[in-house]
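For reference, the structure is listed below as structure tokens.
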There are 2 protein chains.
Amino acid sequence: MRRRYITIKDIAKALDISVATVSRALRDAYDVNPHTRQRVLDMATELNYKPNFNATGLVKRSTHNIGVLLPAITNYYFSTVITGIQQVANENGFNLILYLTNDSEETEIRIVEELSLSSLDGLLACVSAHENNYAHFSQIIDDGLPVVFFDRVAAHIDASKVMQDDYNGAFMAVEHLIHSGYRKIAHITGPKELSLTQNRLNGYIHALEKHGMRYDPDMVVHSGFSQADGVGDIEILFSSIGSEPDAIFAVNDRKGIGAILALKQRNILVGPQVGVIGFTNDPICEIVSPTLSTVAEPAYQVGREGCSLLLKHIAKANFAARSVTLSAELIARQSTQRS
Amino acid sequence: MRRRYITIKDIAKALDISVATVSRALRDAYDVNPHTRQRVLDMATELNYKPNFNATGLVKRSTHNIGVLLPAITNYYFSTVITGIQQVANENGFNLILYLTNDSEETEIRIVEELSLSSLDGLLACVSAHENNYAHFSQIIDDGLPVVFFDRVAAHIDASKVMQDDYNGAFMAVEHLIHSGYRKIAHITGPKELSLTQNRLNGYIHALEKHGMRYDPDMVVHSGFSQADGVGDIEILFSSIGSEPDAIFAVNDRKGIGAILALKQRNILVGPQVGVIGFTNDPICEIVSPTLSTVAEPAYQVGREGCSLLLKHIAKANFAARSVTLSAELIARQSTQRS
DNA sequence: ACAACTTCCGTTAACGTTCTCGCTACTTTT
DNA sequence: AAAAGTAGCGAGAACGTTAACGGAAGTTGT
């Protein structure tokens with residue numbers, strides 16, 4: 001049998017005072033005699049009292065829960081972001097409720113539509129990949145739930161957003177390849193619809209143009225975000241006759257790793273023959289051989305920033321939505337060394 | 001201003017019936033006219049009604065939340081376990097609340113002690129590493145909260161536990177090293193107190209004994225679970241004069257990776273000169289060079305099994321605690337090939 | 001035709017907490 | 001010594017939902 005937990009009524013009865021006084025003693029210290037307050041506090045620890053969040057949530061119209069919705073957690077970037085979110089949430093007495101979409105649009109829509117708004121104070125969301133309708137998000141925002149997007153953001157929705165500097169990160173990556181002496185630079189990337197993809201693609205294009213190199217659409221391959229997708233993209237680039245690239249800019253490290261593996265498979269020397277650079281700075285970059293050059297994303301910081309932004313929205317209903325872009329940093333390793 | 005959400009009162013008012021009828025129509029279909037029920041259902045979707053979990057939780061004495069407490073999520077094993085947990089929880093209409101301890105005993109104790117029992121139906125826990133007092137867990141279990149431990153379990157507590165077969169996994173790993181021709185096998189492992197560590201150590205010892213090899217305590221190094229710890233352990237083993245091992249059994253893949261990196265640093269050929277085997281089957285095993293042999297843990301399955309066990313405890317208060325051990329599987333790769 | 005069921009719905013209390021209001025007793029002011 | 005203020009406390013309603021019970025109609029059996 002599930003046990004009945006200790007309530008403030010029990011404390012009140014034990015001390016022969018009213019529940020109102022107990023409630024105040026436990027929170028305010030206002031309108032309550034220090035001596036009484038101390039007796040309540042002592043009794044509370046003696047009885048091992050724990051507040052009932054359902055009850056407080058009901059009357060205060062706020063649980064201390066924030067939701068985190070994202071495609072998956074089994075990769076470095078997302079799990080690090082969550083760690084950052086968790087930190088800030090924890091510091092402020094908030095709990096994290098985790099929702100995983102497996103990168104499925106249906107699952108995402110189902111989760112968002114079934115969301116019990118009243119059991120959440122706010123939501124942090126990273127949209128699933130294959131998406132260009134955001135009606136389900138608009139709905140819950142209209143219903144009054146504060147939402148902050150991160151990484152993969154919903155472009156046309158008026159809500160706060162936190163991302164890394166995808167454009168400049170991509171720009172730096174490509175410029176680094178050019179400075180290293182590579183001349184035919186391909187880009188293997190994610191789904192077209194995502195703003196993240198578009199921003200990195202733009203950085204790629206503009207870096208080429210700045211250095212007087214022609215942008216060739218055939219040198220850009222769109223697919224998913226996985227290592228296997230990286231392998232597949234290389235197959236596509238290197239099986240078409242003639243125009244093989246001498247460098248690969250991958251939209252993330254997992255695809256970069258896939259590219260390295262696929263190139264090694266083809267007996268191509270990564271670095272001297274074909275350069276590869278990724279994006280994220282997954283620890284795996286230092287383990288793969290050759291080590292993978294990359295653009296470091298401030299994943300932990302994205303999490304912290306996103307969460308504290310959300311908390312501001314929760315605290316002040318009319319807090320104006322803002323977009324935060326955190327800067328990225330180039331890290332050169334062996335995979336972009338020609339000699 | 002935070003908006004007021006739609007309640008069953010609104011539905012009742014709109015249809016001019018009582019809230020009790022609305023409540024029944026939304027759940028039971030019992031004691032309510034099919035026609036009325038349909039009207040309620042239609043009105044509910046029209047008004048976009050979402051149930052208030054705080055209210056139901058209050059009266060039913062159950063939220064649909066289960067907590068997951070673990071050291072970190074930024075590694076393959078834990079994030080995969082969580083994915084498994086999330087799956088089962090989701091299928092059964094439960095939410096996941098995440099608690100991260102950062103492998104700090106203090107943080108763990110703080111979290112558990114502050115836990116509002118009434119806002120959780122159950123808890124899945126993986127204890128932090130440096131621990132041998134479990135009073136905080138005993139407390140919440142005594143208070144009536146169902147708890148299931150996984151991976152790193154609290155040995156002397158009467159609660160359900162889910163783990164992989166650490167003993168036999170270790171036994172297989174060491175036997176594989178012996179069959180491959182290695183003769184001086186060291187073991188780099190985690191904190192002594194954990195049953196996981198002890199079980200794998202026992203598997204190591206017994207495999208040696210079975211093949212008539214002496215167990216030498218100097219060949220076992222205890223430290224943490226990180227890649228850096230793996231590097232450090234190798235330093236210790238190879239800086240002592242004389243008795244260098246010709247194979248390393250690492251308690252997990254991250255330490256195995258650390259070992260490989262440290263050996264390469266010393267210009268030792270991993271495989272031919274010194275064999276290395278890990279535990280987990282992190283995808284990184286296939287990326288590092290040479291690829292890392294390992295014992296595959298059923299991480300996803302541990303998550304699923306743990307969660308469904310917890311759900312049984314939640315459903316039936318007197319459900320007897322049980323220990324589930326999932327089998328592990330040897331995967332041989334390049335790091336244990338002598339030629 | 002009357003008792004005995006059903007069917008369907010509403011009233012009311014309860015879950016644990018907070019909040020508003022008002023009351024008593026004491027202290028200060030004039 | 002009366003008026004005014006203050007400190008400390010309690011009664012009662014409210015949050016949104018479910019559960020126990022009861023009652024008014026309609027239906028069935030004899």
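Convention: sequence-line order gives letters A, B, ...; per-chain numbering from 1. We use all heavy atoms of the structure for the numbers below, so side chains are in, but hydrogens, waters and symmetry mates are not.
Ring geometry, His64(B) versus Phe94(B): the interplanar angle falls under 30°, so the pair is classed parallel (tilted spans 30 to 60°). Aromatic ring pairs are classed by plane angle as parallel below 30°, tilted from 30° to 60° and perpendicular above 60°; the pair Phe150(A) and Phe78(A) is perpendicular.
One interatomic measurement links the two molecules: NZ of Lys50(B) to P of dC15(D), which rounds to 21 Å at whole-angstrom precision. Atoms CZ (Arg61(A)) and C1' (dA14(D)) sit 9 Å apart, rounded to a whole Å. Nucleotide dA19(D) holds its P atom 11 Å from the CD1 atom of Ile8(B), rounded to whole Å. In this entry the distance linking CD1 of Ile6(A) with P of dC15(C) reads 14 Å, nearest Å. Look at NZ on Lys9(B): it is 9 Å from C1' on dT17(D), rounded to the nearest Å. We find that CG of Leu58(B) is positioned 13 Å from P of dA19(D), with the value rounded to whole Å. The CG-C1' distance, from Asn52(A) to dG16(C), rounds to 6 Å in whole Å. Between Ile11(B) atom CD1 and dG16(D) atom P there is a gap of 13 Å when expressed in whole angstrom units.
When the nucleotides dG10(D), dT18(C), dA19(D) are ranked by their closest atom to the side chain of Arg27(B), dA19(D) comes out on top. When distances are taken from the side chain of Ala20(B) to each of dA11(D), dC9(D), dG10(C), the shortest belongs to dG10(C).
Close to dG8(D), at under 4.0 Å from its OP1 or OP2, lies no side-chain N or O of Thr21(A). The side chain of Arg24(B) contributes no N or O atom lying less than 4.0 Å from OP1 or OP2 of dT18(D). A sub-4.0 Å separation between OP1 or OP2 of dC9(D) and a side-chain N or O of Ser18(A) is absent.
We find the OH-CG distance between Tyr99(A) and Asn90(B) to be 9.5 Å, quoted to the nearest 0.5 Å. Remark: Ile8(A) CD1 to Thr21(A) OG1 distance equals 10.0 Å, nearest 0.5 Å.
Counting any heavy atom pair closer than 4.0 Å across all strands shown, Asp31(A) reaches a base atom. No contact: Tyr30(A) has no heavy atom under 4.0 Å from any strand. Using a 4.0 Å heavy-atom criterion, one finds that Thr56(A) contacts the sugar-phosphate atoms exclusively. At the heavy-atom level, Thr7(A) lies under 4.0 Å from the strands shown only through sugar-phosphate atoms. Here Phe53(A) lies out of heavy-atom contact (under 4.0 Å) with every strand.
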inquiry  = Test side chain to side chain donor-acceptor pair (under 3.5 Å) on Gln164(A) and Asp151(A); report intermediate values, then the result.
reply    = CA-CA 7 Å; Gln164(A) 47 284 337; Asp151(A) 190 39; 2.6 Å; yes
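Checking Ala55(A) against Val32(B), the closest nucleotide of DNA chain C that is more toward the 5' end is the one next to Val32(B). Each of Ile17(B) and Lys60(A) lies near DNA chain C, and the nucleotide nearest Ile17(B) is the one positioned closer to the 5' end.
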